[in-house]
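A short worksheet on the structure shown next.
Since the model is a prediction, treat every value here as computed from it, not as a measurement. Counting starts at 1 for both ligands and their atoms, following the listed order.
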Amino acid sequence: MPTGPVPAGPVLSDVKLARLAGSRFAQVVQLAETTSTNSVLVGKAEGGAPEGMVLVADYQTAGRGRFERRWESPAGKSLLFSVLLRPSREELPPARRHLAVAAVSLALVEAARDVANVELQLKWPNDLIVGSVMAGDATAGDATAGERKVAGVLAEATSDGAIVVGAGVNVSWAPEPHEGPGAPAATCLEAVAGRPVPRDEMLVSALLALDRLYGPWGLVSGLYRQRCSTIGRKITVSFAGHQPDLVGTALAVDEDGRLVVRDVDGGTVSVAAGDVTHARGVRGPSLEDQ
Ligand code: BT5
């Protein structure tokens with residue numbers, strides 16, 4: 001993995017920090033280098049850190065994706081942060097906690113639009129991509145040809161019931177095409193926008209958007225579905241070797257965030273977690289189309 005000098009100084013200046021005053025996310029811990037913002041914030045959460053604490057780093061020595069995969073980023077080129085959420089069971093029952101991932105993803109969609117003029121799409125369950133053909137745009141011959149991953153989101157529960165949600169956003173660097181059949185290629189916001197994209201503006205904008213999206217879970221769920229490019233797509237879901245792959249068509253994302261899939265035998269299966277590959281080719285029907 002490429003590395004470089006760790007930039008001195010924080011991502012957020014005092015002026016930028018002041019814009020978060022009065023929001024849930026006013027307490028921002030900034031580190032030049034850390035292992036993983038998620039790991040460190042889980043530790044702080046278990047030590048009693050308050051809801052809303054944000055940890056942001058210029059560089060991670062052990063950035064993680066799901067299933068202990070690596071999240072790659074050289075120093076100073078990505079937005080790498082985690083937020084600590086402590087929703088009550090009434091606010092967000094455990095079965096709906098995926099909505100925390102949805103809210104952070106949607107906050108990043110807003111920030112990318114506002115700051116970089118880039119429209120990100122959501123690939124279930126936790127990827128932000130560009131270049132996908134959305135429902136209603138089924139005119140393209142190959143709906144997946146240009147898909148590239150810009151960001152990923154990782155949610156983890158702590159032992160005391162809090163949730164740490166971390167996001168890695170490629171701002172001015174993206175990894176070379178990586179292993180894995182069907183895994184989307186990567187790109188970064190600056191490559192898509194064609195101009196510099198300030199990380200500090202992205203962070204402030206995302207945190208302010210998250211402050212608005214944290215709570216109205218019906219809205220979050222609806223917005224997620226609208227923005228989800230997986231719905232209507234022929235897909236393969238793999239389960240990290242725990243069970244055979246599921247091949248079918250993604251019909252919907254239900255209220256609990258599960259992906260509803262019509263399998264090749266015509267049965268309907270709801271999937272809570274897994275890795276989705278969008279098949280190359282035209283979109284199939286979504287529930288909305290039927
Ligand atoms: C994710 O996992 O996409 C969630 C990534 C979350 C990273 C953030 S950074 C701040 C916070 N602290 C952490 O330690 N983590 C979070 P997953 O769906 O498992 O995707 C991981 C896969 O994406 C890897 O196996 C690579 O194939 C690919 N990948 C790694 N780095 C990438 C990058 N910078 N851009 C695009 N793809 C990448």
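- Of the listed residues (E68, K149, R66), the one carrying the non-hydrogen atom nearest atom 20 (O) of ligand 1 is K149.
- Taking all atoms of both residues into account, the shortest heavy-atom contact from V220 to L213 is CG2-O, 3.2 Å.
- Considering all non-hydrogen atoms of both residues, T37 and Q60 come closest at N-OE1, 2.8 Å.
- Around atom 24 (C) of ligand 1, the closest heavy atom drawn from K77, R70, Q60 belongs to R70.
- Taking both residues in full, the closest heavy atoms of F25 and L207 are given as CD1-O, 3.5 Å, listed atom of the first, atom of the second, then distance.
- In the candidate list L79, N126, I129, L154, N126 is nearest to atom 1 (C) of ligand 1, counting heavy atoms.
- The atoms of ligand 1 that sit less than 4.0 Å from any heavy atom of G63 are 14 (O).
- The nearest pair of heavy atoms linking W71 to G152 is CH2-N, 3.7 Å.
- To the nearest 0.5 angstrom, L108 atom CG is 6.0 Å from L128 atom CG.
- Atoms of ligand 1 lying under 4.0 Å from at least one heavy atom of R64, given by number and element, are 5 (C), 6 (C), 7 (C), 13 (C), 14 (O), 15 (N), 16 (C).
- Within a 6.0 Å radius of CG in D14, no more than 12 heavy atoms belonging to other residues, nucleotides or ligands are found.
- Minimum interatomic distance between E119 and V130 (heavy atoms only, all atoms of both residues): O-CG1, 3.8 Å.
- The atoms of ligand 1 that sit less than 4.0 Å from any heavy atom of N170 are 33 (C), 34 (N), 35 (N), 36 (C).
- Close approach to S36 involves these atoms of ligand 1, each under 4.0 Å from a residue heavy atom: 12 (N), 13 (C), 14 (O).
- For ligand 1, the atoms sitting less than 4.0 Å from at least one non-hydrogen atom of T37 are 10 (C), 11 (C), 12 (N), numbered in the order shown with element in parentheses.
- Within the 4.0 Å heavy-atom cutoff, A167 counts among the residues contacting ligand 1.
- Interface atoms of ligand 1 facing V153, defined by a heavy-atom separation under 4.0 Å, are 4 (C).
- Of the polar atoms of R69, at least one N or O is found under 3.5 Å from an N or O of ligand 1, judged by distance alone.
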Give the table of side-chain donor-acceptor pairs shorter than 3.5 Å for residues 47-55, with sequence neighbours excluded, one pair per line with atom names and distance.
unit_1: E51; atom_1: OE1; unit_2: R86; atom_2: N; d: 2.4
unit_1: E51; atom_1: OE1; unit_2: Y214; atom_2: OH; d: 2.9

